[in-house]
Amino acid sequence: MSSKIRIQRICYQCGREFTAKTTVTKYCGDICAKKAYKKRKKDEKIQQSNIEAIKQSQLPIKKLEEKSFLSINDTCKLLGISRMSLYRLIKSGVVPAKKLGRRTIIYRKNLDLIFNNNCNESTSQKKEDQ
């Protein structure tokens with residue numbers, strides 16, 4: 001049993017008008033269907049590649065979060081600040097650091113405490129203002 005349906009459609013790939021024999025036809029022919037398939041597969045690969053790139057960029061930060069002691073470079077990467085800014089924070093006493101020979105080491109928990117204290121102070125100030 002064949003259907004005698006004829007519907008005027010516009011091809012999703014090339015934009016030309018064509019006569020479709022079914023209600024689900026999207027493309028005017030085999031060539032446009034193949035081009036659309038290739039484009040769809042290419043877009044999937046690009047999206048997968050973008051996801052992998054994001055994972056790779058976040059991997060070093062996750063490794064830094066697991067360390068107990070951080071170097072100056074590691075701390076800069078973790079906080080997203082420059083070396084000079086970090087040295088200024090160390091000199092002013094905001095970030096406690098210890099010298100081991102020529103290296104400057106920062107205890108990870110001290111950084112967490114600094115941010116937790118600052119967050120608690122800012123929320124308490126907001127409550128006092130209200």
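In this text the structure is predicted, and so the values were computed from the model without any measurement.
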Do Q8 and E17 have side chains that approach each other closer than 4.5 Å (heavy atoms only, starting at C-beta)?
yes

Decide yes or no for K55 and E52: does some side-chain heavy atom of the first lie under 4.5 Å from some side-chain heavy atom of the second?
yes

Residues two or more places apart in sequence or in another chain: which of them pass side chain to side chain donor-acceptor pair (under 3.5 Å) with K98?
none

In this structure, CG of D112 is separated from OH of Y107 (nearest 0.5 Å) by 9.5 Å

Less than 4.5 Å apart, side chain to side chain, heavy atoms only: is that true for K21 and I5?
no

Inter-residue atom distance Q56.CD - S49.OG, 0.5 Å rounding
10.5 Å

Less than 4.5 Å apart, side chain to side chain, heavy atoms only: is that true for D74 and K67?
yes

Rounded at 0.5 Å granularity, tell me how far OH in Y27 sits from CD1 in I10.
14.5 Å

When the side chains of residues 80-94 are checked against the rest of the protein, which donor-acceptor pairs come out under 3.5 Å, sequence neighbours left out?
| residue | atom | partner | partner atom | Å |
| --- | --- | --- | --- | --- |
| S82 | OG | S85 | N | 3.2 |
| S82 | OG | S85 | OG | 3.1 |
| R83 | NH1 | N73 | OD1 | 2.5 |
| R83 | NH2 | Y87 | OH | 3.4 |
| S85 | OG | R88 | NH2 | 3.2 |
| S92 | OG | R88 | O | 3.2 |
| S92 | OG | L89 | O | 3.1 |

Check R9 against T23 and note the closest heavy-atom contact, atom names and distance.
NH2-O, 2.8 Å

Can you tell me how far CD of Q13 sits from NZ of K26, rounded to the nearest 0.5 angstrom?
12.0 Å

I114 reachable from L70 in the ILVMFWY side-chain graph, under 4.5 Å edges
yes

Distance col, row F69:CZ vs K109:NZ, nearest 0.5 angstrom, shows 10.0 Å

Non-hydrogen side-chain atoms of I72 and I106 separated by less than 4.5 Å
yes

About how many Å separate CG of N116 and CG of L111, when rounded to the nearest 0.5 Å?
11.0 Å

So which atom in C11 and which in C28 form the shortest heavy-atom distance, rounded to 0.1 Å?
SG-N, 3.4 Å

Can you check whether V95 reaches N110 side chain to side chain, under 4.5 Å on heavy atoms?
no

Chi angles and distances behind the side chain to side chain contact (heavy atoms under 4.5 Å, CB included) call for Q48, K45:
CA-CA 5 Å; Q48 185 64 30; K45 285 183 181 180; 5.7 Å; no

